[in-house]
S.K.: 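Below is the structure I would like to discuss, written out as structure tokens.
Residue numbers count from 1 along this sequence. This one's a predicted model, so the numbers in the text were calculated from it and none came from an experiment.
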Amino acid sequence: MFIVPISNAIQPVESLFDNNNAAAAVSDSADNPQFSDVFKEVFSDVQETQRVVQEDSVRLAMGEIDDLHTIYNNMTKAAVAVETFVAIKDAAVNAYDKVLQITM
């Protein structure tokens, strides 16, 4: 069995701030969104669904809504959005904790 020396397998890491790699990084971001973009999108979905539920509750109290199934559907959407957001947040925190536990 042949063992490859470590020194031959290690290659220098190229900086994302190089002029040659900047264009490639921009094109990759369209194909692969950043975690912060996904997190912001999920958070805005939570805010939007919460806003709709609050509007529905006010309209229900004022007697402007005749169909309760719309309110129930909006409340379910809001609950799913919050659960998704919490799951993503928990996964990010767990990953961060694991990174901190890595010893160098």
S.K.: Give the minimum heavy-atom separation between Ala81 and Val46, together with the two atoms involved.
M.R.: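 Looking at all heavy atoms of both residues, the closest pair is O-CG2, 3.3 Å.
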S.K.: Taking all non-hydrogen atoms of both residues, which atom of Asn74 and which atom of Val52 are closest, and how far apart?
M.R.: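 Shortest heavy-atom contact: ND2-CG1, 3.5 Å.
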S.K.: Verify the neighbour count for atom CZ of Phe43: are there more than 12 heavy atoms of other residues, nucleotides or ligands below 6.0 Å?
M.R.: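 Result for CZ/Phe43: open.
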S.K.: Ignoring hydrogens, what is the shortest heavy-atom contact between Val82 and Gln50? Give both atom names and the distance.
M.R.: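 Shortest heavy-atom separation between Val82 and Gln50 comes out as CG2-NE2, 3.4 Å.
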S.K.: Just so I know, are the side chains of Phe35 and Ile88 near enough to count as touching, which here means a heavy-atom distance under 4.5 Å?
M.R.: yes
S.K.: Are Val53 and Leu60 connected into the same hydrophobic cluster when the rule is that any two of I, L, V, M, F, W, Y join if their side-chain heavy atoms are below 4.5 Å apart?
M.R.: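 Cluster IDs for Leu60 and Val53 match.
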S.K.: Out of curiosity, Asp97 CG to Ile102 CD1, how far, rounded to the nearest 0.5 Å?
M.R.: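 Those atoms lie 11.5 Å apart.
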S.K.: Kindly indicate whether the side chain of Phe39, heavy atoms from C-beta on, has any atom under 4.5 Å from the side chain of Lys89.
M.R.: yes
S.K.: Is there side-chain contact between Arg59 and Ile71, with at least one heavy-atom pair below 4.5 Å?
M.R.: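 When only atoms from C-beta onward are counted, Ile71 and Arg59 do not touch, as no gap falls below 4.5 Å.
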S.K.: Going by heavy atoms in the side chains, are Ile65 and Asp56 under 4.5 Å from each other?
M.R.: yes
S.K.: Using a cut-off of 6.0 Å, state whether more than 12 heavy atoms not belonging to Asp67 lie near its atom CG.
M.R.: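 Yes - once you tally the heavy atoms of other residues, nucleotides and ligands closer than 6.0 Å, there are more than 12.
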S.K.: Does one hydrophobic cluster hold both Met75 and Val80, with members joined at side-chain heavy-atom distances below 4.5 Å?
M.R.: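 Different hydrophobic clusters.
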S.K.: Report the distance from atom CD of Gln47 to atom NZ of Lys40, rounding to the nearest 0.5 Å.
M.R.: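 Rounded to the nearest 0.5 Å, the CD-NZ separation comes to 12.5 Å.
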S.K.: We want to know whether Asn73 and Thr76 form a side-chain donor-acceptor pair, criterion being a heavy-atom distance below 3.5 angstrom.
M.R.: no
